[in-house]
Amino acid sequence: MKFKGNVALITGASRGIGAEIAYSLSLKGITILINYSKSEESAVEIAQRIRREGGNCDIVKFDVSNYDEVESAVKDIANKYKKIDYLVNNAGVTKDNLILRMTKDEISEVLDINLKGAINCCKHVSRYMVKNKFGVIVNISSVVGLMGNAGQVNYAASKAGLIGLTKSLARELGSRNIRVNAVAPGYIETEMTEKLNVLQRKALMSNLVIKRLGKPEDVANVVEFLLSEEASYITGEVINISGGLYI
């Protein structure tokens with residue numbers, strides 16, 4: 001695949017899907033900015049993995065839910081690299097509970113990081129994309145944002161919000177040569193799915209058309225495509241990566 005730009009900011013890139021996206025893009029010669037807020041050790045590990053393969057990367061610590069932190073960090077990145085070509089809004093958390101038991105903090109934290117965090121990053125990164133008349137943004141939503149899920153009202157709402165963000169921003173920025181798309185992963189082999197017990201895993205598998213959990217690489221491959229020039233006429237779209245969980 002061909003890439004017009006060579007600097008990418010990946011939020012929440014220290015583990016799981018974000019780390020795999022960072023690694024995959026680094027193999028294409030793209031300089032990766034690995035964002036994290038708490039997992040410094042994991043961020044260092046993915047940076048070392050990228051560098052062992054001859055890739056270029058930097059580690060940037062900031063809390064995506066903090067407007068001022070994002071503004072400052074993005075400004076520093078733009079000053080150092082002179083541009084930000086690609087933004088992947090991957091940072092996210094889950095705080096699952098039934099709505100009757102869900103606490104104020106469980107609501108606020110999930111919405112602040114998953115949705116407000118992506119808006120903060122789009123706000124501050126897009127100004128540099130507009131200045132350079134080029135950019136691609138990919139938001140990591142979820143199949144739960146499309147179909148809903150009991151016990152995940154906060155998470156589903158945040159991921160559905162990312163879809164609205166994607167479509168609206170695509171309309172705003174399209175004339176500036178900036179594309180905005182989203183992917184909606186289903187159940188992917190990460191730390192979260194590792195906690196499923198045998199019965200939970202069996203129940204999940206019964207709802208999948210493709211009888212396996214997704215891998216972080218399955219998501220990274222689609223994100224890589226959406227960032228590439230091969231997807232230069234695609235914007236405002238949401239690609240479901242769920243093994244047929246939601247059709």
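Since the model is a prediction, treat every value here as computed from it, not as a measurement. One is the number of the first residue; the rest follow in order along the sequence.
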N/O donor to acceptor pairs below 3.5 angstrom from side-chain atoms of residues 59-72, sequence neighbours left out:
residue : atom : partner : partner atom : Å
Asp63   : OD1  : Ser65   : N            : 2.9
Asp63   : OD1  : Ser65   : OG           : 2.8
Asp63   : OD2  : Ser65   : OG           : 3.1
Asn66   : OD1  : Asp68   : N            : 3.1
Asn66   : OD1  : Glu69   : N            : 3.0
Glu69   : OE1  : Asp63   : N            : 2.8

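Of the possible donor and acceptor atoms, one in the side chain of Lys159 sits under 3.5 Å from a partner among the backbone N and O of Ile140. Distance alone, capped at 3.5 Å, is enough to place a donor-acceptor pair between the Arg179 side chain and the Ala231 backbone. No donor-acceptor pair under 3.5 Å is formed between the side chain of Asn154 and the backbone N or O of Ser108. Under the 3.5 Å distance criterion, the side-chain polar atoms of Lys95 are left unmatched by any main-chain donor or acceptor of Val110. For Glu106 (side chain) and Thr103 (main-chain N/O), a donor-acceptor pair under 3.5 Å exists by modelled atom type.
Between the side chains of Glu237 and Asn181, not a single donor N or O lies within less than 3.5 Å of an accepting N or O. At a cut-off of 3.5 Å, with distance as the only test, a side-chain donor of Asn240 or Ser242 sits close to an acceptor on the other residue.
Applying the side chain to side chain contact (heavy atoms under 4.5 Å, CB included) criterion to Lys2, with sequence neighbours excluded, gives Glu229, Glu230. Considering only residues two or more places apart in sequence or on other chains, Arg176 meets the side chain to side chain contact (heavy atoms under 4.5 Å, CB included) condition with Val130, Ile178. Residues meeting the side chain to side chain contact (heavy atoms under 4.5 Å, CB included) test with Leu169, sequence neighbours left out: Cys122, Ile137, Leu165, Glu172, Leu173, Val180. Looking at residues two or more places apart in sequence or on another chain, you find no salt bridge (Lys or Arg N to Asp or Glu O under 4.0 Å) involving Arg51. Shown here are the side chain to side chain contact (heavy atoms under 4.5 Å, CB included) partners of Ser39, two or more places apart in sequence or in another chain: Ser14, Arg15, Ser42.
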Please report the C-alpha distance between Ile30 and Val7 in whole Å, then the side-chain angles of each, then the deciding distance to 0.1 Å, and finally whether the side chain to side chain contact (heavy atoms under 4.5 Å, CB included) criterion is met.
CA-CA 6 Å; Ile30 296 171; Val7 178; 5.8 Å; no
Could you walk me through whether Val209 and Ile247 satisfy the side chain to side chain contact (heavy atoms under 4.5 Å, CB included) test, starting with their C-alpha distance in whole Å, then the side-chain angles of each, then the deciding distance to 0.1 Å, before giving a yes or no?
CA-CA 9 Å; Val209 175; Ile247 297 177; 3.7 Å; yes
Determine, stepwise, if the pair Ile10 / Ile32 fulfils side chain to side chain contact (heavy atoms under 4.5 Å, CB included).
CA-CA 7 Å; Ile10 320 294; Ile32 307 299; 4.0 Å; yes
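Criterion: ILVMFWY side-chain heavy atoms under 4.5 Å apart, direct or through other members. Under it, Met205 and Ile210 are not part of a common hydrophobic cluster. By the rule that hydrophobic residues join a cluster once side-chain heavy atoms approach within less than 4.5 Å of another member, Ile107 and Val144 end up as members of separate clusters. A continuous path of hydrophobic side-chain contacts links Tyr81 to Met129 [ILVMFWY only; heavy atoms under 4.5 Å]. One hydrophobic cluster holds both Val219 and Leu27 under the rule that ILVMFWY side chains link at heavy-atom gaps under 4.5 Å.
Residue pairs meeting the side chain to side chain donor-acceptor pair (under 3.5 Å) criterion with at least one partner in residues 212-221, sequence neighbours excluded, are Arg212-Asp218. Residue pairs meeting the side chain to side chain donor-acceptor pair (under 3.5 Å) criterion with at least one partner in residues 130-144, sequence neighbours excluded, are Asn89-Asn139, Asn139-Thr166. Residue pairs meeting the salt bridge (Lys or Arg N to Asp or Glu O under 4.0 Å) criterion with at least one partner in residues 77-93, sequence neighbours excluded, are Asp58-Lys80, Lys83-Asp85. Listed by first and then second residue, the ring-ring contact (aromatic ring centres under 6.0 Å, His included) pairs that reach into residues 222-247 come to none, sequence neighbours excluded. The list of side chain to side chain donor-acceptor pair (under 3.5 Å) pairs with a residue in residues 17-36, not counting sequence neighbours, reads Ser24-Glu224, Lys28-Glu224. Pairs engaging residues 103-123 under the ring-ring contact (aromatic ring centres under 6.0 Å, His included) rule: none recorded [sequence neighbours left out].
If you take CG on Leu213 and OH on Tyr187, they are separated by 10.0 Å, rounding to the nearest 0.5 Å.
The nearest pair of heavy atoms linking Gly145 to Ala160 is O-CB, 3.5 Å. Among all heavy-atom pairs drawn from Ala182 and Leu226, the shortest one is O-CD1, 4.4 Å. Taking every heavy atom of both residues into account, Ile46 and Ala13 meet most closely at CG2-O, 3.8 Å. Across all their heavy atoms, Ile241 and Ile188 have their closest contact at O-CD1, 4.4 Å. For the residue pair Ile50 and Ala22, the shortest heavy atom distance occurs at CD1-O, 4.0 Å. The two residues Val125 and Ile84 have their closest heavy-atom pair at CG1-CG2, 3.9 Å.
Looking at Met147 and Val143, their side chains come closer than 4.5 Å, going by heavy atoms from C-beta outward. Counting heavy atoms from C-beta outward, Asn90 and Ile17 have side chains that approach closer than 4.5 Å. Contact of the Val74 side chain with the Cys121 side chain is not registered, since no non-hydrogen atoms from C-beta on lie closer than 4.5 Å. Side-chain contact check for Val183 versus Val238: every heavy-atom pair is 4.5 Å or farther apart. With contacts defined as side-chain heavy-atom distances shorter than 4.5 Å, the pair Val44/Glu41 does not qualify.
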